Amino acid sequence: MTENDKIIEEVTQSDYKYGFVTNIEQEFALKGLTEDTVRFISAKKGEPEWMLEWRIKGYKAWLKMEQPHWQNVSFPNIDFQSIIYYAATKKKKKVNSLDDIDPEILATYKKLGIPIQEQKVLAGVAVDYVMDSESVITTFRESLKEKGIIFCSISEAVKDYPDLVRQYLGSVVPQRDNYYAALNSAVFSDGSFVYIPKGVRCPMELSTYFRINAENTGQFERTLIIADEGSYVSYLEGCTAPMRDENQLHAAVVELVTHDNAEIKYSTVQNWYPGDKNGKGGIYNFVTKRGLCKGVNSKISWTQVETGSAITWKYPSCILKGDNSIGEFYSVAVTNNYQQADTGTKMIHIGKNTRSRIVSKGISAGKSQNSYRGLVQIHRTADNAYNSSQCDSLLIGDRCGAHTFPYLEIKNNSGKVEHEATTSKIGEDLLFYCNQRGLSNEEAVSMIINGYCKEVFQHLPMEFAVEATKLLAISLEGSVG
Amino acid sequence: MSFADKINSEFELAEKNASGEHVLAHIRKDAFTSFQKLGIPGNRHEEWRYTNIKTQLPETLSIAGHTTWNVSKDGFNGFADIKATKLVFLNGVLNTGLSTIIEETGVTVGSLKEHLGHNTALTEKYFGKLVNKYEDHFSMLNTAFVNDGAFVHVKKGITATHPIFIINLYNSPENFTQSRNLIIVEESSKLDVIVDFQNQGSSSYYNHVSECFVGNNADLNVTKLQTSTQHTTAVHTLEAEVGRYAKFTCTTISLEAKLIRNTTNVRLCGENSEAHLNGLYYGTGTSLIDNHILVDHLVPNCQSNQLYKGILDEEATGVFNGKIFVKQDAQKTNAFQSSKAILLSDEASINSKPQLEIFADDVKCSHGAAIGQLSQDEVFYLRARGIHESDAKSILTYAFASQIINTITTDALKVYLDNNLKERLHLNF
């Protein structure tokens, strides 16, 4: 066996490091989805009438829709009646300090490598933890409040800031947007809500950590971030799940709105359980993420590192409505074993002088399938729009696949669109160059892959960049040291 | 009666009339059964999402219907400057009076209908065999209904000295004419084929299918001309299968259309084979020109190149979909694709979808797509030299397009296209 083969073999044997279960008491909704389930969730959360109506509207839209099958992934039909749509940690005591949190949960976060205390002190990151469906605690809320920044769970926001929520919820991703968005609208359990007032630059990075813990549950979180005029926020999202034999569904919706001169930077490190090396189990990650650059000179930037999930299906998009607005998308998607990913972005240019940039790096190993699917649309009104897209795919092993499906729809002649894609394996000449300088094959591969992803990683906040590099190493263990 | 019912009854009728070619009866029947399942695609179909063909085909069109008319030798563009065997088809049926054949040993040309009747050993081996690979709506319809077409066969080891020029004339606004080519180039032989399409009526509708078989070590060069195709609504499907060490080149020049769809599917079946697909499209008025290309790398060590350039003026729409498939065992594949388009007016638009699907790791595949307008700097450069703005733009457009025209190897044809393009751009040098 050559060294390369060995590395590939090791890749396929690496295991998921976050596959532990936390034994905390939880409360569940009954299996299956009916209007009563929706009412149950809404009642459980003590929501006002309008919120229930909004959910029911989503549920009714969902009933009329069909599961989409156009993606380049294959999976058995999901039985939506065998999913538990609500699971929450049982102790519903209001938590004021970290000491009040169930020690089991604290232990979970420790295992995940996010020491709450430490981060609170050192990193200065405000974190909202969502376990299964419920938000556990939001740190740093008080210090943010002084600046007028609202950072809380969305269920609290529904109660405390109903006007804001009513105004923006569903304004970017309406209930009937797509099958999973409709489902999410009906049963979403929690998520984060962020509002940055006019002219405020959020002094720290806001972060949410999602974790699916209970068996047979789906996680349906909903995130809504609003950046008012001239404000700035950087938001991080991380996800993990324990190892389970059956597939679990994660159908989240993220909505971003930027007003004039505002900017949102949204970073994701997604590491849901990808299934074992025979493709059993794992999370179905069907997420709708969309940002609306509503005001002039506004900017939305998506950065994602996708290493987990049995199936990833998501297209973080930007609607560039305001003149001079900017949309960016930086992505590294890694698939291994039997993972499947169909991910990319949509850049919808409506305003004048709008610009967008897409950098997508796919790495497929084992028997996985990795697709980039993107849409660049330049409308008649979008004078002088500019888009540049770059999609590179790297193949490790000869049983995996890499696919590119870019759609370019141009209706304005002053626009400029550039798209470039390449697919290759790690060049023998690159490896040889490194070997010549005394690096082992493994070190060389690691160095090359890190270099390959650097363009994306450099857009991640520092703490995340370190985590992302580590995750990449774990996902492709053996080949990237 | 709905369009579907109409097609059904027409097929029954066609089946009854098609006596004498029993060997093909089952091929037609199977194709029709497939077509019935597929129907005419709407824009919900991924391959047709930007080209709504369904709304462009009037339901009154007859599929099996056939009309003919009198055409004199001077009544159409006969490309007198090009020395070639010329086959002229009127609404898909060979007209021997207008055709001129230069006899060459080892090269057989003629009516597909005739060869389907007599040369059964060959036709049975090849006819309809390629279009089955991808169940395409219009190929199936064509196989079910086709009446005549061009048959070209080059024997092993023969290099044809003159190109075969297939001129298709259409004039029927009532019929959806089904025309067809079957081109077989056996081992180690070489052939150039030029296929031209001309509309002679107020408008015309047709569905043209070419099947090209390129044997081991053979070389086939096909040039498709759509330069006199105003008011034409047409679907073209070209299927090619390329053997070991063989080379297939296809150049598609579309300068006029109401709606033209060119589907080009190439299967690289033998190792070390290569395919070169070039295209130039120039849309004016409200025309829609759609190019769908698929290069399927099935075996290792093959090469493919795609180079498409589009110019869209006025309210024209361009559609480009280039696919590269690399199958699991097709290691050491080199596949490249480049699609460039310029929009000359505010109302023009382009929908481009370059697509890669790779299942092998030791490959080099890339695609590039660029959409923009003429460079302001370049226009300025020419204007600074006293050239009027409209001329400057024409010169730059001409330069953009001539990259494709220059790939054409038949000199007389290159000159013809070059002049044709200059005329369209009002250039006189």
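In what follows, chains are A, B, ... by sequence order, proteins preceding strands, each numbered from 1. In this text the structure is predicted, and so the values were computed from the model without any measurement. Atoms considered below: every heavy atom in the structure, side chains included; atoms not considered: hydrogens, waters and symmetry mates.
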Novice: In terms of heavy-atom pairs under 4.5 Å, which option from B/Q328, B/Q331, B/E347 contacts chain A the most?
Specialist: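 Option with the top pair count is B/Q328.
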
Novice: Rounded to the nearest 0.5 Å, what separates atom OG in A/S414 from atom CG in B/D346?
Specialist: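 Answer rounded to 0.5 Å: 7.5 Å.
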
Novice: Pick from A/E420, A/E409, A/Q377: which one has the most heavy-atom pairs with chain B under 4.5 Å?
Specialist: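 Looking at each of A/E420, A/E409, A/Q377 in turn, A/E409 comes out on top.
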
Novice: Report which part of A/Q369 has an atom under 4.5 Å of a heavy atom belonging to chain B: side chain, backbone, both, or neither.
Specialist: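 For A/Q369, the side chain is the part near chain B, not the backbone.
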
Novice: Starting at CD1 of B/I350, measure out to CD1 of A/I378 and round the result to the nearest 0.5 Å.
Specialist: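 If I round to the nearest 0.5 Å, the distance is 12.0 Å.
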
Novice: Please rank B/T317, B/N351, B/D329 by heavy-atom pairs under 4.5 Å with chain A and give me the top one.
Specialist: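 Result: the option with the highest number of such pairs is B/N351.
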
Novice: Can you tell me which of B/K364, B/K340, B/R49, B/Q337 forms the most heavy-atom pairs within a distance under 4.5 Å of chain A?
Specialist: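 Looking at each option in turn, the highest pair count goes to B/R49.
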
Novice: I need the A/T423 OG1 to B/H367 NE2 distance, nearest 0.5 Å.
Specialist: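 Reported value, rounded in 0.5 Å steps: 7.5 Å.
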
Novice: Mind ranking B/S366, B/A369, B/G372 by heavy-atom pairs under 4.5 Å with chain A and telling me who comes out on top?
Specialist: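 So the answer, after comparing B/S366, B/A369, B/G372, is B/A369.
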
Novice: Using non-hydrogen atoms only, which part of A/R373 is less than 4.5 Å away from chain B: side chain, backbone, both, or neither?
Specialist: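 Neither part; nothing is under 4.5 Å.
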
Novice: If you draw a 6.0 Å radius around CE in A/M447, do more than 12 non-hydrogen atoms from other residues or ligands fall strictly inside?
Specialist: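 No - once you tally the heavy atoms of other residues, nucleotides and ligands closer than 6.0 Å, there are 12 at most.
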
Novice: Show the nearest heavy-atom pair for residues B/D361 and A/G397, with the distance to one decimal.
Specialist: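 For B/D361 and A/G397, the tightest heavy-atom pair comes out as CB-O, 3.0 Å.
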
Novice: Give, for atom OH of A/Y407 and atom CD of B/E46, the distance between the pair rounded to the nearest 0.5 Å.
Specialist: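 So the gap between those two atoms works out to 3.5 Å.
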
Novice: Under a 4.5 Å cutoff for heavy-atom pairs, which residue among A/K416, A/R380, A/Q390 has the most contacts with chain B?
Specialist: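 The candidate making the most pairs under 4.5 Å is A/R380.
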
Novice: When you look at NZ of A/K321, are more than 12 heavy atoms from neighbouring residues, nucleotides or ligands closer to it than 6.0 Å?
Specialist: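 At most 12 heavy atoms, drawn from other residues, nucleotides or ligands, come within 6.0 Å of this atom.
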
Novice: Sort out for me which of A/G415, A/S424, A/P406, A/G401 touches chain B most, counting heavy-atom pairs under 4.5 Å.
Specialist: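 The answer is A/P406.
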
Novice: Given heavy-atom pairs under 4.5 angstrom as the criterion, report whether the side chain, backbone, both or neither of B/L312 touches chain A.
Specialist: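 Neither part, no heavy atoms under 4.5 Å.
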
Novice: Using heavy-atom distances under 4.5 Å, tell me whether B/F320 contacts chain A through its side chain, its backbone, both, or neither.
Specialist: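 For B/F320, no heavy atom lies under 4.5 Å from chain A.
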
Novice: Please report the C-alpha distance between B/K353 and A/L375 in whole Å, then the side-chain angles of each, then the deciding distance to 0.1 Å, and finally whether the side-chain contact (heavy atoms from CB on, under 4.5 Å) criterion is met.
Specialist: CA-CA 9 Å; B/K353 188 187 167 202; A/L375 168 69; over 6 Å; no

Novice: Would you mind telling me which of B/S345, B/G318, B/S349, B/S352 has the largest number of heavy-atom pairs within less than 4.5 Å of chain A?
Specialist: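 Looking at each option in turn, the highest pair count goes to B/S352.
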
Novice: Looking only at heavy atoms, what is the nearest atom pair of A/N412 and B/L343, with distance?
Specialist: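 So the two residues come closest at O-CD1, 3.5 Å.
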
Novice: Of all of A/V417, A/T422, A/N387, A/L394, which one pairs up most often with chain B through heavy atoms under 4.5 Å apart?
Specialist: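 Most heavy-atom pairs under 4.5 Å with chain B: A/V417.
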
Novice: If I take atom CG from residue A/L408 and atom CD1 from residue B/I371, how far apart are they, to the nearest 0.5 angstrom?
Specialist: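 Interatomic distance, A/L408 CG to B/I371 CD1, rounded to 0.5 Å: 4.5 Å.
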
Novice: For B/K393, does the NZ atom have more than 12 heavy-atom neighbours from other residues, nucleotides or ligands under 6.0 Å away?
Specialist: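 No, not enclosed.
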
Novice: Roughly how far, to the nearest 0.5 Å, is the CD1 atom of B/I358 from the NE2 atom of A/H403?
Specialist: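 Here the interatomic distance stands at 8.5 Å.
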
Novice: Should the heavy atoms of other residues, nucleotides or ligands under 6.0 Å from CZ of B/R267 be counted, would the total exceed 12?
Specialist: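 It does: B/R267 CZ has more than 12 such atoms within range.
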
Novice: For atom CZ of A/R399, decide whether the heavy atoms of other residues, nucleotides or ligands shown that lie under 6.0 angstrom number more than 12.
Specialist: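 Yes, enclosed.
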
